[in-house]
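Any value given below was found using the heavy atoms of this structure, including those in side chains, with hydrogens, waters and symmetry copies removed.
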Amino acid sequence: EAGVTQFPSHSVIEKGQTVTLRCDPISGHDNLYWYRRVMGKEIKFLLHFVKESKQDESGMPNNRFLAERTGGTYSTLKVQPAELEDSGVYFCASSQNDRLINGYTFGSGTRLTVV
Amino acid sequence: EDQVTQSPEALRLQEGESSSLNCSYTVSGLRGLFWYRQDPGKGPEFLFTLYSAGEEKEKERLKATLTKKESFLHITAPKPEDSATYLCAANSGGGADGLTFGKGTHLIIQP
């Protein structure tokens, strides 16, 4: 079974530019999550999709961040315009409804550097 | 606000030297306490979920236990390939389904 795929793996952009991160969850996983780890801090929850609907976006930092999930399949996270403090590793995770038993499967992350 | 704190931040052990990692949590209505392993450049890899105080789960050289306030990850006779960052995370019953993570313990096992 293919895992959670994220790309790009690395992105370096200038302050003020736009970046779009993509996540392909495990096929059949209705639940998709975005997380972020800023250097020196813990991994923090950003938002949760159930199929194409945003279930919880309480962790989104501000309105420069926009997440979408087309047709309940892959998801994108757009940062526009990017600021220096947006640098970090962005993780995507997916799960079936048995996540409390089998956990959440994470991708390898996208390392975003804003210069 | 839910909070998860892990200690120590880093731990260096000799091969075969057993030890424990600590995770203390303050969450409203714990639904599950998760342990993950993370290798450099990779995403967290699921190890265990614990649900209630007194529960224990084992996987190879790892055993996770849970009390009402803490969870421990015991590593017995570790090998160099056990070197990784171990993350603890809580899922609470507050309506949100996201995980609250600790900062992790960076474990190094020296041959």
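In this structure, no portion of B:Leu47 lies under 4.5 Å from any heavy atom of chain A. Interface residue A:Tyr104: backbone and side-chain heavy atoms are both found under 4.5 Å from chain B. For chain A, the nearby part of B:Tyr36 is the side chain; its heavy atoms alone come within less than 4.5 Å. Neither the backbone nor the side chain of B:Glu45 comes within contact range of chain A; no heavy atoms are under 4.5 Å apart.
Residues B:Asp97 and A:Gln55 bring no donor and acceptor atom of their side chains to less than 3.5 Å of each other. A donor-acceptor contact closer than 3.5 angstrom links the side chains of B:His74 and B:Ser20.
A:Ser75 places a side-chain N or O within 3.5 Å of a backbone atom of A:Glu68 that can act as its donor or acceptor partner. Remark: side-chain polar atoms of B:Arg31 are not paired, donor with acceptor, to backbone N or O of B:Asn91 under 3.5 angstrom. With hydrogens and angles disregarded, a donor-acceptor distance shorter than 3.5 Å links the side chain of B:Ser83 to the backbone of B:Ile109. Looking at B:Glu70, its side chain never comes within 3.5 Å of a backbone N or O of B:Ser24 through a donor-acceptor pair.
For residues 106-115 of chain A, a heavy-atom distance under 4.5 Å to chain B picks out A:Phe106, A:Gly107, A:Ser108, given by residue number.
Contact of the A:Asn31 side chain with the A:Phe49 side chain is not registered, since no non-hydrogen atoms from C-beta on lie closer than 4.5 Å. Within the 4.5 Å cutoff, the side chain of B:Leu33 has no heavy atoms near those of the B:Tyr51 side chain.
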